[in-house]
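Please find one structure pasted underneath; my questions will follow.
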There are 2 protein chains.
Amino acid sequence: MSESERSLASEELADRLAEVFDLVGPLYRRAFRKVEQDATIEGLSVGVRAVLTMLRDHGPMTVPQMGRALALSRQFVQRMINDAAARGLVEFVPNPAHKRSSLIRLTREGRTAITAVVDRERAVLRQVGGDLSGAEVDACIRVLSRLLRSLDNVEIE
Amino acid sequence: MSESERSLASEELADRLAEVFDLVGPLYRRAFRKVEQDATIEGLSVGVRAVLTMLRDHGPMTVPQMGRALALSRQFVQRMINDAAARGLVEFVPNPAHKRSSLIRLTREGRTAITAVVDRERAVLRQVGGDLSGAEVDACIRVLSRLLRSLDNVEIE
DNA sequence: GAAACAATGACACCCTGGTTGTCATGAACG
DNA sequence: CGTTCATGACAACCAGGGTGTCATTGTTTC
């Protein structure tokens, strides 16, 4: 592959990736509203919903860890966690690694609540799937993950 | 494929799609910040940037059309457009179809500004592309489009 | 053509997600 | 140790974005 061909290809790829970003905005907003409608039934704000799902999929973690994983400021996550803790959805357990920063763990109530929300969302997604193949969805996940990781380094370079 | 197999498959597909959504949130936030840093150089807010790209890719459209396309309220889009118009980035041209609602069109200044922003973003994306294949990106676009469309109907059904 | 209805623009108000800044404290590490 | 780094707590603030309302102008239907 010649130099010009390569740059042409990466040129076009960049265009397609831009298209991906153009989809992410609207998709985020629509999903946001859907989640908002949906999670408020359990009395969860969008922010709380996000941290609870994180804990559900990832097991106990510290607040700063979650902030990084969700691309949210640690202070914001802290607020969400404090809120969740005040409602008994989440509890603090000692962290063997860092003594100051305790691990956050779902309580049984928390697990119940977030599971209810997520299950309801999954029910919607099941009908959505339609003719999408597993391979396509996998590719999508790979592309998005890659984009996510690359935006991490934006400030560094 | 038996009934149980099909439902198993759609069950699993739903899980993967949920994964996609979990990526959309962080990705949106990171991209948002990147755009913020980037577009403020031209003095464009994120909202203005969104409507200008829309006009750039799609040609002249009315405010309500853009609202639907971007999953934003028509009032919000209107504000962005008025803002853009006040700075001469955009102009109103008579709409043959609807007499009240004029078409919004990029001015030359607007095109210049948005092109500068988008080009700078593309430069970043070019390096990001890496080992992603065109097919993967296409699949990603298809999946996201599908999700977007399906969330449209959420309130209807 | 008039009357009813739908869509647009304009303006005001509000909510909340999310950041930044600061400070004090406790951990890690030379 | 002293210093530096990470965490929690709290406050202030910003801006994206929605909703509600009104007047106006189209559009439609009888």
Side-chain angles (χ1 to χ4, degrees), chain A residues 24-37 39-40 43-52 54 60-86 90-104 155, chain B residues 24-37 39-40 43-52 54 60-86 90-104 155:
Chain A
V24 165
L27 189 52
Y28 175 81
R29 276 166 233 135
R30 291 226 166 90
F32 185 95
R33 273 169 232 158
K34 178 83 186 92
V35 168
E36 206 172 25
Q37 291 170 17
T40 38
L44 305 181
S45 76
V46 175
V48 171
R49 186 254 175 209
V51 295
L52 294 190
M54 188 81 229
M61 9 182 0
T62 71
V63 167
Q65 279 171 358
M66 301 180 64
R68 283 185 289 270
L70 293 169
L72 292 169
S73 72
R74 110 195 125 79
Q75 287 92 329
F76 179 71
V77 174
Q78 186 86 42
R79 257 176 21 215
M80 295 303 114
I81 289 296
N82 290 347
D83 187 19
V90 120
E91 62 190 356
F92 304 88
V93 322
N95 183 359
H98 287 285
K99 293 225 173 99
R100 176 102 190 273
S101 169
S102 42
L103 289 171
I104 317 299
E155 53 255 287
Chain B
V24 166
L27 188 52
Y28 175 80
R29 276 166 231 134
R30 290 226 166 89
F32 185 94
R33 274 170 230 156
K34 178 81 187 93
V35 168
E36 207 171 23
Q37 292 170 17
T40 38
L44 306 181
S45 75
V46 175
V48 172
R49 186 254 176 213
V51 295
L52 293 190
M54 189 80 228
M61 9 180 2
T62 71
V63 167
Q65 279 171 357
M66 301 181 64
R68 283 185 288 270
L70 294 169
L72 292 169
S73 72
R74 106 195 131 80
Q75 286 93 329
F76 179 71
V77 173
Q78 185 85 44
R79 258 169 24 214
M80 296 304 112
I81 288 296
N82 290 346
D83 186 19
V90 120
E91 62 190 356
F92 304 88
V93 322
N95 182 358
H98 288 284
K99 293 226 172 101
R100 177 101 191 272
S101 169
S102 43
L103 288 171
I104 317 299
E155 54 254 287

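Predicted model, so just to flag it, every value in this text is computed and none were measured. In what follows, every chain begins at residue 1, and chains take the letters A, B, ... in the order their sequences are listed. Reckoned from all heavy atoms, side chains included, excluding hydrogens, waters and symmetry mates.
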task: To the nearest Å, give me how far apart CG (L103(A)) and P (dG8(D)) are.
output: 10 Å
query: What nucleotide, of dG18(D), dA9(D), dT20(C), holds the atom closest to the side chain of Q78(A)?
result: dA9(D)
message: dT19(C), OP1 or OP2 - any side-chain N/O from R33(B) closer than 4.0 Å?
response: yes
field: Side chain of F76(B) (C-beta onward), nearest among dG17(C), dG8(D), dG16(D)
entry: dG16(D)
query: Can you tell me how far P of dG8(D) sits from CD1 of I81(A), to the nearest Å?
result: 10 Å
message: Tell me if a side-chain donor or acceptor on R29(B) pairs with a main-chain N or O of L70(A) at a distance below 3.5 Å.
response: yes
- line: Taking dG16(D), dG17(C), dT7(D) as options, the one with an atom nearest any side-chain atom of S45(A) is dG17(C)
task: Would you mind reading off the distance between L44(B) atom CG and dA15(D) atom C1', rounded to a whole angstrom?
output: 16 Å
Residue R29(A), side-chain heavy atoms: nucleotide from dG17(D), dT20(C), dG9(C) that is nearest: dG17(D)
message: Rounding to an integer number of Å, can you tell me how far R30(A) CZ sits from dG17(D) P?
response: 13 Å
message: Please report the distance, rounded to the nearest Å, between CG in D83(A) and P in dG8(D).
response: 16 Å
message: Less than 4.5 Å apart, side chain to side chain, heavy atoms only: is that true for S101(B) and Q65(B)?
response: no
- line: Taking every heavy atom of V48(B) against every heavy atom of L44(B), the minimum-distance pair comes out as CG1-CD2, 4.0 Å
query: If you pin R74(A) and A71(A) to their nearest nucleotides in DNA chain C, which one's is more 5'?
result: A71(A)
message: Looking at every heavy atom in both A85(A) and F92(A), which two are closest together, and how far apart are they?
response: CB-CE1, 3.6 Å
- line: Separation between CG (N95(B)) and CD1 (I104(B)), nearest 0.5 Å, reads 9.5 Å
task: Remember a base hit wins even if backbone is also touched, and classify Y28(B) as base, sugar-phosphate or nothing at under 4.0 Å, heavy atoms.
output: sugar-phosphate
- prompt: Nearest-Å distance, CD (E36(B)) to P (dC14(D))?
  reply: 14 Å
- request: Ignoring backbone atoms, test whether N82(B) places a side-chain nitrogen or oxygen under 4.0 Å from the OP1 or OP2 oxygen of dA10(C).
  value: yes
query: Whole Å only: how far is the CG atom of L72(B) from the P atom of dT19(D)?
result: 12 Å
- prompt: Of all the choices, dA11(D), dC13(C), dG9(C), which nucleotide is nearest to the side chain of R79(A) once you look at every atom?
  reply: dA11(D)
query: Considering only dT7(D), dA9(D), dG16(D), which nucleotide approaches the side chain of Q75(A) most closely?
result: dA9(D)
query: Looking at dG8(D), dT8(C), dG18(D), which one has an atom nearest to any side-chain atom of S101(B)?
result: dT8(C)
field: Nearest-nucleotide comparison on DNA chain D, the residue closer to the 5′ end among G47(B) and Q65(A)
entry: Q65(A)
message: Nearest to the P64(A) side chain among dG8(D), dG17(D), dG17(C), which nucleotide is it?
response: dG8(D)
